Amino acid sequence: QPLTVLSPATIANLSCGFDVLGLALSGVGDTLTVSLTTNPGIEISKIEGADLPRETDKNVAGVALKALLEAIPDYTGGVKLQISKGIAPGSGIGSSAASSAGAVWAVNRLLGELFTPAELTQFAMEGERLASGAAHADNVAPALFGGITLVRSSNPLDVVAIPCPDALYAYVLHPEIELKTSDSRKVLKTRISLQDGIRQWGNVGGLVAGFFLEDYGLISRSLEDVIIEPVRSLLIPGFSEMKEAALKSGALGFGISGSGPSVFALCQGADNCQRAGAAISEAFEGIGLSFNTYQGPV
Ligand code: HSE
């Protein structure tokens with residue numbers, strides 16, 4: 001019996017938490033339909049909504065499923081998979097992660113829950129390795145655990161599920177330019193100053209505490225990135241105008257979603273999110289590029 005799942009889009013990094021923090025968005029994602037087959041191997045029979053390779057070794061969901069099947073040596077069958085992309089590749093809201101996480105989650109369900117979410121995260125990270133050259137888990141972990149996650153360590157993997165404040169809303173604006181994660185990782189410095197490190201880990205701790213305490217003021221103060229954003233924001237047209245508009249209109253914080261080009265704002269409540277979203281869109285309209293937006297609860 002085939003199983004169809006919606007695998008969520010995710011916002012990775014959350015400003016200060018490069019490669020460690022991420023959250024899942026409700027209601028937007030990739031749709032995957034999987035079935036178990038008696039023939040061995042992985043067949044990606046159809047991909048809708050994006051021009052992506054169907055060969056197992058070149059497809060993020062294919063390599064993630066391969067890692068899962070290799071972990072069950074006595075399984076002699078295979079998997080058939082269809083992908084309908086709701087998230088544009090290169091948009092910065094975890095397009096590759098949604099496909100690889102959704103594929104392993106659905107197959108695990110059909111196999112009778114052989115694996116834990118942490119083990120599934122490990123398989124889905126193989127998709128991220130293919131997509132970006134780095135097996136980061138900050139998109140696949142929230143896609144598989146739901147809500148907000150902290151990847152305390154990726155090797156060995158240690159994922160902490162973080163409670164999500166009730167009134168937390170996200171707004172995402174996706175400028176229609178493609179920015180590959182592999183490219184926006186190449187521009188990053190590999191050394192940081194101790195001073196920047198101190199500021200950044202203060203913010204990571206503050207943000208995690210803010211989520212636990214539902215302290216929106218602390219969340220807001222902690223949504224700051226002194227290391228990655230100054231470099232990557234140069235690749236995103238209108239970034240500073242949008243940030244100014246977001247903060248003026250009452251967003252808790254504003255930053256780059258994952259490796260961009262999407263940007264995000266976190267807000268307290270749907271009304272604030274609506275207001276901040278309108279201000280961000282208006283600021284971006286001045287740039288003259290097309291874009292699309294998403295808004296909803298975390
Ligand atoms: N943490 C990754 C990065 C996320 O910023 O490169 C990519 O979506």
Side-chain angles (χ1 to χ4, degrees), residues 7-25 28-30 50 52 60-61 63-64 85-102 121-122 124-145 148-155 157-160 162 170 172-175 177-190 192 196 200-201 203-204 207-208 223-236 239 253-264 266 294 298:
S7 183
T10 45
I11 299 176
N13 301 340
L14 302 180
S15 295
C16 53
F18 178 69
D19 275 3
V20 301
L21 286 172
L23 60 76
L25 297 168
V28 53
D30 289 351
L52 293 169
V60 294
V63 297
K85 294 293 296 176
I87 313 169
S91 57
I93 48 170
S95 178
S96 53
S99 292
S100 49
T121 301
Q122 201 95 53
M125 283 165 73
E126 292 308 315
E128 296 296 72
R129 192 194 305 282
L130 176 68
S132 73
H136 61 92
D138 52 341
N139 291 106
V140 288
L144 286 160
F145 284 75
I148 305 170
T149 54
L150 168 74
V151 181
R152 193 205 57 82
S153 157
S154 55
N155 189 17
L157 186 67
D158 186 359
V159 178
V160 184
I162 294 174
V172 174
L173 182 143
H174 170 216
I177 51 173
E178 190 176 340
L179 195 53
K180 285 208 175 97
T181 298
S182 48
D183 292 333
S184 56
R185 288 182 84 87
K186 281 187 204 135
V187 299
L188 299 176
K189 297 182 282 185
T190 52
I192 62 165
D196 284 350
Q200 198 87 347
W201 57 65
N203 282 325
V204 173
L207 190 53
V208 170
L223 282 167
E224 177 194 55
D225 171 8
V226 296
I227 296 173
I228 309 294
E229 185 178 293
V231 183
R232 281 185 172 168
S233 59
L234 304 173
L235 306 172
I236 302 172
F239 183 85
F254 176 89
I256 304 170
S257 174
S259 55
S262 284
V263 292
F264 76 99
L266 288 187
Y294 162 82
V298 175

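Just follow the structure's listing: the first ligand is 1, and inside any ligand the first atom is 1. In this text the structure is predicted, and so the values were computed from the model without any measurement.
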Exercise. Can you tell which of D183, N139, T181 makes a side-chain hydrogen bond (donor to acceptor under 3.5 Å, both in side chains) with S259?
Worked result: T181
Among all protein heavy atoms, pick out the one at the shortest distance from [atom]; state its residue, atom name and that distance to 0.1 Å.
{"atom": "atom 8 (O) of ligand 1", "result": "N139 OD1, 2.9 Å"}
{"atom": "atom 6 (O) of ligand 1", "result": "R185 NH1, 2.7 Å"}
{"atom": "atom 1 (N) of ligand 1", "result": "D19 OD1, 2.5 Å"}

Exercise. Under 3.5 Å, side chain of S153 to main-chain N/O of D158, donor-acceptor pair present?
Worked result: no
Exercise. Within the distance-only criterion (no hydrogens, no angle test), does the side chain of R232 pair as donor or acceptor with the backbone N or O of S184 below 3.5 angstrom?
Worked result: yes
Exercise. If we only count heavy atoms from C-beta on, is the D138 to L21 side-chain gap below 4.5 Å?
Worked result: no
Exercise. Between V208 and I162, is any pair of side-chain heavy atoms under 4.5 Å apart?
Worked result: yes
Exercise. When the aromatic ring centroids of Y294 and F264 are compared, is their separation below 6.0 Å?
Worked result: no
Just which atoms of ligand 1 are under 4.0 Å from any heavy atom in [X]?
{"X": "G258", "value": "5 (O), 8 (O)"}
{"X": "T181", "value": "6 (O), 7 (C)"}
{"X": "F18", "value": "3 (C), 5 (O), 6 (O)"}

Problem set entry | Within-cut-off N or O pair, R232 and ligand 1, under 3.5 Å | yes
